[in-house]
Amino acid sequence: PRISGRYLFDKNLALKASFATMRQYVHLLAYEGVGLPTDLWLPTTKKVKPQDSWQAALGIAKTFKSAYEISAEVYYKEMKNVIAYKDGSGLFELTDWQDRVTQGNGDSYGLDLFVQKKQGRVAGWIGYTLSWSNRQFDDLNFGKEFPYRYDRRHDFSAVVNFEWTKSISLSSAWVYGTGNAVT
């Protein structure tokens with residue numbers, strides 16, 4: 001189930017909120033020890049429960065002169081039954097994968113900021129996200145929470161569109177993100 005709502009203070013200012021619960025029957029198993037593309041998508045089984053999560057978000061958006069928009073949104077997501085390799089287990093063992101994984105919890109939270117110019121010969125947007133993504137397993141890291149492999153603390157992107165003529169336009173995009181040191 002999902003619910004979302006928007007309250008318009010006037011035609012240029014809006015408050016928005018959402019809440020969702022989810023169940024996922026496919027797991028992403030990421031190997032934390034090496035930067036190679038070794039991620040696997042694995043199904044839910046009798047031994048491996050499906051992932052459950054809920055997410056809440058709250059944001060505000062303001063439009064100026066119909067051409068500019070700024071918005072800010074905070075979010076929090078809590079996850080149950082995420083999977084990871086057990087300590088000492090790895091990619092190349094011959095045992096059943098279900099015996100090499102453990103299930104635990106995770107959370108993700110952050111702030112999204114967005115500025116957009118919608119009209120004119122030069123248009124585009126700038127977006128920035130500050131976020132955290134953590135995992136906690138009773139039998140890993142002495143039960144202490146740790147950053148997830150795909151924790152991407154800073155994510156910055158900018159796009160510029162330039163309309164040279166009615167039939168020729170140029171576009172440029174730049175993306176910067178922190179996190180996994182190997183791409």
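Counting begins at 1 with the first residue of the sequence.
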Q: Ignoring hydrogens and angles, tell me if any N or O in the side chain of S131 forms a donor-acceptor pair with the backbone of R152 under 3.5 Å.
A: yes
Q: Test side-chain contact (heavy atoms from CB on, under 4.5 Å) on R153 and L130 and set out the steps.
A: CA-CA 6 Å; R153 191 65 35 91; L130 173 64; 4.1 Å; yes
Q: Indicate the atoms forming the closest heavy-atom contact of N12 with D10, along with that distance.
A: N-OD1, 2.6 Å
Q | Check ion pair D99-K86 (N to O, under 4.0 angstrom) | A | no
Q: Using a cut-off of 6.0 Å, state whether more than 12 heavy atoms not belonging to I3 lie near its atom CD1.
A: no
Q: Only counting residues at least two apart or in another chain, list the ones meeting side chain to side chain donor-acceptor pair (under 3.5 Å) with E145.
A: none
Q.
Starting from V160, can I reach W174 by hopping between I/L/V/M/F/W/Y residues whose side chains sit under 4.5 Å apart?
A. no
Q) Is there a side-chain contact between S157 and W125 (heavy atoms, below 4.5 Å)? A) yes
Q: Would you indicate whether the side-chain heavy atoms of F156 and I126 approach each other to under 4.5 Å?
A: yes
**Q.** 4.5 Å side-chain heavy-atom contact, K62 and Y68
**A.** no
Q | Chi angles and distances behind the side-chain contact (heavy atoms from CB on, under 4.5 Å) call for Y75, S108 | A | CA-CA 8 Å; Y75 67 92; S108 181; 3.9 Å; yes
**Q.** Heavy-atom side-chain contact between Q119 and K65 under 4.5 Å
**A.** no
(Q) Can you confirm whether Y150 sits close enough to L28 that some side-chain heavy atom of one is under 4.5 Å from a side-chain heavy atom of the other? (A) yes
Q: May I ask you to check whether W132 and Y148 place their ring centers less than 6.0 Å from one another?
A: no
(Q) Show, in sequence, the C-alpha distance, side-chain angles and deciding distance for L140 and Y85, and conclude whether the side-chain contact (heavy atoms from CB on, under 4.5 Å) test is met. (A) CA-CA 9 Å; L140 294 178; Y85 284 106; over 6 Å; no
Q: For the pair Y176 and T178, evaluate side-chain contact (heavy atoms from CB on, under 4.5 Å) and give the outcome as yes or no after the intermediate values.
A: CA-CA 7 Å; Y176 171 79; T178 60; 3.5 Å; yes
Q.
To the nearest 0.5 Å, what is the distance between CD1 on I60 and CD1 on I70?
A. 8.5 Å
Q: Look at the side chain of T44 and the backbone N and O of Y25, then say whether any donor-acceptor pair between them is shorter than 3.5 Å.
A: yes
Q: Check the hydrophobic clustering (I, L, V, M, F, W, Y; side-chain heavy atoms under 4.5 Å; chains of links allowed) and say if V101 and L40 are grouped together.
A: yes
(Q) Strictly distance-based, threshold 3.5 Å: is any side-chain N or O of R135 a donor or acceptor partner for the main-chain N or O of F146? (A) no
Q: Mark yes when over 12 heavy atoms from residues, nucleotides or ligands other than F142 sit less than 6.0 Å from its CZ; otherwise mark no.
A: no
Q. Can you tell me how far the OG atom of S18 sits from the CD atom of Q55, to the nearest 0.5 Å?
A. 6.5 Å
Q: Pick out which of H27, Q103, K80 makes a side-chain hydrogen bond (donor to acceptor under 3.5 Å, both in side chains) with Q51.
A: H27
**Q.** Distance, nearest 0.5 Å, that separates CZ of R149 from CG of D39
**A.** 6.0 Å
Q) Side chain of N81, backbone of P50: donor and acceptor closer than 3.5 Å? A) yes
Q) To the nearest 0.5 Å, what is the distance between OG (S169) and CZ (F162)? A) 10.0 Å
Q | Nearest-0.5 Å distance that lies between atom CG in D52 and atom CE in M22 | A | 10.0 Å
Q: Please examine the side chains of L58 and L15, heavy atoms only from C-beta on, and report whether any two atoms are closer than 4.5 Å.
A: yes
Q: Would you confirm whether K11, through its side chain, and L13, through its main-chain N or O, come within 3.5 Å as a donor-acceptor pair?
A: no
Q.
With no hydrogens and no angle check, just 3.5 Å: does a side-chain donor-acceptor pair link Q136 and D138?
A. yes
Q | Closest non-hydrogen atom pair, L8 against A14 | A | CD2-CB, 3.6 Å
Q | D151 side-chain N/O to S133 backbone N/O, donor-acceptor pair under 3.5 Å | A | yes
**Q.** Value rounded to 0.5 Å, distance of NZ in K144 from CG in N134
**A.** 14.5 Å
Q) Near K117 NZ, under 6.0 Å, is it more than 12 heavy atoms from other residues, nucleotides or ligands? A) yes
**Q.** same_hphob_cluster(M79, V26) at 4.5 Å side-chain heavy-atom cutoff
**A.** no
Q. Would V115 and L113 show up in the same hydrophobic cluster when neighbours are defined by side-chain heavy atoms closer than 4.5 Å?
A. no
**Q.** Side chains of S53 and Q24 in contact at under 4.5 Å (non-hydrogen atoms)
**A.** no
Q. Can you check whether F137 reaches N141 side chain to side chain, under 4.5 Å on heavy atoms?
A. no
